[in-house]
Every structure is written in structure tokens, then in C-alpha cells.
S.K.: 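This is the structure I have questions about; it appears just below.
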Amino acid sequence: MPKATFSMAYCHRPHSQICSLAFDRNFETISEFRIPFTFECGYPNLVGSCNGILCFSDFVTSKSNDVYLWNPSIRKFKRLPNTCLTRLSNVELGFVYDSQNNDYKVVRFSWNRITWIPPPEIEVYSLSSDSWKRIELGISWRSNVLFHKFNYTLTFPFVSGHLHWMIEMIEEGGGQERLFTYMILSFDVNSEKFKELQLPDDEGDCISKCLTSFKEKLALIKFESCVPPHSMLLCSIWLMREYSVFDSWNKLCVVPVESFPNFIGLTKYGLLLVRKWSQLVSTNSESESKDKTFLIDPETLHEKEISYIGNHVDNCFEIAAYMESLTLLNGENLVSY
């Protein structure tokens, strides 16, 4: 395996058992690994990556208890113990590193109703103890919220010792009015407490929002409509320059994209990874479309095509920052291969 500093790990379908590692900023050095475990639905879901350990769950998380930690550098993986929750219904997970206690943790939500009344059940797995424990959400939801949903556009970012989820909500306004709103749910990996972070004030015709990290800062991605007749979307990137300080939100840049599913993510080096469609002319004079993938520098807007991803990846895959390491896994259900 090539020596890596920070790189990217990504899983793609329909080749669902393949995990690819890119070992340079331009995705020119690629290693592929077959995921050495399988899930009931046949589709592994990349939950996150910390210090060379990748966390996977079943893509259909509500039907599976299985969660795996895997270090491809040392060719070892382990299946986590069964849940301690009463039931798994709607499920979402996050994976983090607790630097204060030198521990790795998995957070799992399970909820039954879209209104989150009663609140979700939550458990935290600790690698050091190799066990799950239940914790409380500890946040009171606004009574006028009719609907809650996690935004799954990107893997959930771990920034400043906190794991973050974007929650989409429908709120009941005055009369028959209903408002589509968002909130950021933050989890302190050391204290294991939750809190809400404020989003920057809305501007423009926002279609969708998601969270990621940009050079170790919390970043908000907003997709807005262009002024007609343009069909492109405007992808604006906002940075929280001082963690948990609302006034520190600052718009970094605006980049045109074809649609928000074409936005793949941000690399460790702060480059945007996006898809674009190009028109080709075939031998029978019929036009065809081909999916191409580009790295874009958000400050200069310079574009570089990434041929490997464009040739091997369809519209459905997950991506996370990766750093090669010899970090050991421990506890039961540890497998070497």
C-alpha cells in the first residue's frame, strides 16, 4: 500500500463490496480493497472514518443490527456487539474519535415517529469497553415541529471534538402555514452531551442544505436556484470560523453545479468534488451523455478532471477523509484475513 498522509476513502455501487482509497490530493494514486464482510441487504454504508479505521453499517439500517469497524492497513475488522436499545426502527449512526480518552465511539439513533415524540433512543458504543450504553438526548424540541428527518447527503462531519447532524424539519406556523426549516445537532464526544447550533441566516431561494468539514472547520453547503433562464444551481460554502460562535459564520465562495446530487463532497485539502455531464457524439450521429468528475478549487475555481472516479463510480457512493494507520482494534469478534 502506498504511504499516505491524509487521503479519501470512498465506497461505490453497483460494485458494492469495493472500497477505494485515494492517496493524493488529485486522486491519481488509487488502491482498491474488497470489503471483507457482507450485510443482509448487500449494500455497505460508509458511516465515517477516524485515524485509519472505517465504520460500516447495513445500507438498510432499520433492518440490520450489524455495525463493523475495519482497518484495511492491518487487514483486521470486528463486528460490534448487538444493540442495547429496545428496538431498531428508523436508524442513523455516526463514528468519532475521543482524543481525551483515546477511544473510538459509534453513536446510534433509533426513532419510531416523524415527530420525535417520544424522543429518539440513543446509544453510544465504546471500543475501549467493547460495549454499548444508552444516553439521553437532553434537548426539548419545539412543540410546533410536525416532522424531523436526518439529511443524508454527506457523511456526518466531526469537527472540534463534536459530531454533527443536519436535521430537516417542518414547523407549523400561524393558521395553515407550514415552514420547512433546518437545525444542526451537535454531539460532544467527550461529555456525550447534545446541543443545537444556529445556522447562518437564509438568503436567496434555498433548495437544500447539508453539513461537511472544510480544512477542519464546520462547513454548511447551500444549494440555491440561479436566476432564469439559467438552469444551474449555485452551491455556496459557509464556514463557522470559530466553533459554536454564530457570528463567525462566513460565506467562503459560490460555485455553480448542475444539481445538488452532483455535489460529492469536500476533500481534506479543501477541494470540491463534483460531477458534470458532457455531450458526446457517437458514430451513428446520436448524442450521448457521459458523467465526468472534477476537483474544483473553491478559491480560484480551477477545475481538474478525475478520470478514475468518472469511469468507475455511479451516482451513489459515500466519501470520507482517510489516514492510513496501524491503529489496533480490540475486544471480541476480531477477525484477521
Side-chain angles (χ1 to χ4, degrees), residues 47-50 90 92-100 105-109 111 114-117 119-120 122-124 135-171 179-204 206-224 235-254 260 263 265-266 268 270 298 320-321:
V47 176
S49 170
C50 293
N90 300 300
E92 194 51 62
L93 298 101
F95 178 51
V96 292
Y97 173 63
D98 181 352
S99 59
Q100 182 172 311
K105 296 179 178 179
V106 178
V107 184
R108 175 154 49 193
F109 287 80
W111 65 98
I114 59 177
T115 57
W116 284 18
I117 299 174
I122 306 168
E123 63 181 344
V124 176
I135 64 172
E136 298 297 323
L137 183 63
I139 294 178
S140 298
W141 299 112
R142 296 183 287 274
S143 59
N144 65 332
V145 175
L146 305 175
F147 174 82
H148 291 87
K149 187 185 80 170
F150 284 91
N151 181 293
Y152 308 102
T153 305
L154 303 172
T155 52
F156 304 121
F158 180 52
V159 175
S160 299
H162 293 74
L163 186 63
H164 303 86
W165 295 268
M166 177 73 82
I167 310 296
E168 300 175 355
M169 303 180 295
I170 295 178
E171 293 184 294
L179 305 174
F180 192 79
T181 60
Y182 299 81
M183 67 163 286
I184 299 174
L185 185 62
S186 170
F187 175 74
D188 187 322
V189 65
N190 294 317
S191 69
E192 298 183 349
K193 302 293 184 183
F194 292 93
K195 66 179 179 181
E196 181 179 348
L197 297 182
Q198 282 187 279
L199 291 153
D201 295 331
D202 274 329
E203 58 178 34
C206 182
I207 296 174
S208 181
K209 300 177 184 179
C210 59
L211 290 176
T212 186
S213 60
F214 182 89
K215 297 183 178 179
E216 301 183 354
K217 302 286 186 182
L218 186 64
L220 171 68
I221 311 298
K222 298 174 64 176
F223 299 95
E224 301 166 358
C235 170
S236 60
I237 302 176
W238 291 72
L239 287 188
M240 180 178 271
R241 298 192 178 275
E242 185 177 350
Y243 186 75
S244 194
V245 177
F246 172 75
D247 290 338
S248 71
W249 279 113
N250 180 261
K251 184 187 287 189
L252 176 68
C253 64
V254 178
F260 66 84
F263 177 87
L266 289 163
K268 186 71 180 182

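Quick note: residue numbers are just sequence positions, from 1. Only a predicted model underlies this, so the values are computations on that prediction, with no experimental measurement involved.
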S.K.: Would a 4.5 Å heavy-atom cut-off, applied to side chains only, mark Thr155 and Val47 as touching?
M.R.: no
S.K.: Let me confirm one number: the CZ-CG distance from Phe194 to Leu163, rounded to the nearest 0.5 Å.
M.R.: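 Result: 8.5 Å between the selected atoms.
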S.K.: What are the two closest non-hydrogen atoms of His164 and Phe156, and how far apart are they?
M.R.: O-CB, 3.1 Å
S.K.: Just wondering, do Lys217 and Met240 contact through their side chains at under 4.5 Å, heavy atoms?
M.R.: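 They are not in side-chain contact.
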S.K.: Measure across Tyr243 and Lys195 and return the closest heavy-atom pair with its distance rounded to 0.1 Å.
M.R.: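 In terms of heavy atoms, the two residues are closest at CE2-NZ, 4.4 Å.
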S.K.: Rounded to the nearest 0.5 Å, what separates atom CD in Glu171 from atom NE2 in His148?
M.R.: 8.0 Å
S.K.: Does the side chain of Glu242 come within less than 4.5 Å of Asp247's, by heavy atoms?
M.R.: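 No. Closest side-chain heavy atoms not under 4.5 Å.
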S.K.: Quick one: OG on Ser236 to CG on Leu252, what's the gap to the nearest 0.5 Å?
M.R.: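 If we round to the nearest 0.5 Å, Ser236:OG and Leu252:CG are 10.0 Å apart.
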S.K.: Less than 4.5 Å apart, any side-chain heavy atom of Leu218 and any of Phe158?
M.R.: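 No, their side chains stay 4.5 Å or more apart.
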S.K.: Checking Asn250 now: which residues fulfil side-chain hydrogen bond (donor to acceptor under 3.5 Å, both in side chains) with it, not counting sequence neighbours?
M.R.: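 With neighbours one apart ignored, the set is Arg241.
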S.K.: Nearest 0.5 Å, what's the OG-CD distance between Ser244 and Glu196?
M.R.: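 So the gap between those two atoms works out to 11.0 Å.
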S.K.: Measuring from atom NZ of Lys251 to atom CG of Leu220, what distance do you get when rounded to the nearest 0.5 angstrom?
M.R.: 10.5 Å
S.K.: How far apart are the closest heavy atoms of Phe214 and Leu266, and which atoms are they?
M.R.: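 It is CD1-CD1, 3.8 Å.
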S.K.: Taking all heavy atoms of Phe109 and all of Leu185, pick out the closest pair and write down the distance.
M.R.: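 That would be CZ-CD2, 3.8 Å.
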S.K.: Would you please name every residue forming a side chain to side chain contact (heavy atoms under 4.5 Å, CB included) with Gln198, sequence neighbours left out?
M.R.: Phe246
S.K.: Please lay out, stage by stage, how Leu211 and Ile184 fare under the test side chain to side chain contact (heavy atoms under 4.5 Å, CB included).
M.R.: CA-CA 9 Å; Leu211 290 176; Ile184 299 174; 3.8 Å; yes
S.K.: Can you tell me how far OG of Ser191 sits from CG of Asp98, rounded to the nearest 0.5 angstrom?
M.R.: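 Those atoms lie 9.5 Å apart.
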S.K.: For the pair Leu93 and Val107, evaluate side chain to side chain contact (heavy atoms under 4.5 Å, CB included) and give the outcome as yes or no after the intermediate values.
M.R.: CA-CA 5 Å; Leu93 298 101; Val107 184; over 6 Å; no
S.K.: Are any of the side-chain nitrogens in Lys105 or Glu192 under 4.0 Å away from the carboxylate oxygens of its partner?
M.R.: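 Glu192 and Lys105: salt-bridged.
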S.K.: Please work out whether the ring planes of Phe150 and Trp165 are parallel, tilted or perpendicular, with thresholds of 30° and 60°.
M.R.: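 Taking Trp165 first and then Phe150, their aromatic rings stand perpendicular (interplane angle over 60°).
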S.K.: Output all residues satisfying side chain to side chain contact (heavy atoms under 4.5 Å, CB included) with Cys210, sequence neighbours left out; order by chain, then residue number.
M.R.: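 Cys210 satisfies side chain to side chain contact (heavy atoms under 4.5 Å, CB included) with Asn151, Thr153, Leu154, Ile221, Phe223 only.
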S.K.: Is the backbone N or O of His162 less than 3.5 Å from a side-chain atom of Asp188, with the two atoms forming a donor-acceptor pair by type?
M.R.: no
S.K.: What is the minimum heavy-atom distance between Lys222 and Asp201, and which atoms define it?
M.R.: NZ-O, 3.8 Å
S.K.: With side chain to side chain contact (heavy atoms under 4.5 Å, CB included) as the criterion, how do Arg108 and Glu92 come out once you've worked through the C-alpha distance, each side chain's angles and the decisive distance to 0.1 Å?
M.R.: CA-CA 6 Å; Arg108 175 154 49 193; Glu92 194 51 62; over 6 Å; no
S.K.: Using every non-hydrogen atom in the two residues, find where Ser213 and Pro157 come nearest and quote the distance to one decimal.
M.R.: N-CB, 3.9 Å
S.K.: Do the two ring centres, one from Phe180 and one from Tyr182, sit under 6.0 Å apart?
M.R.: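 Close enough - the centres of the two rings lie under 6.0 Å apart.
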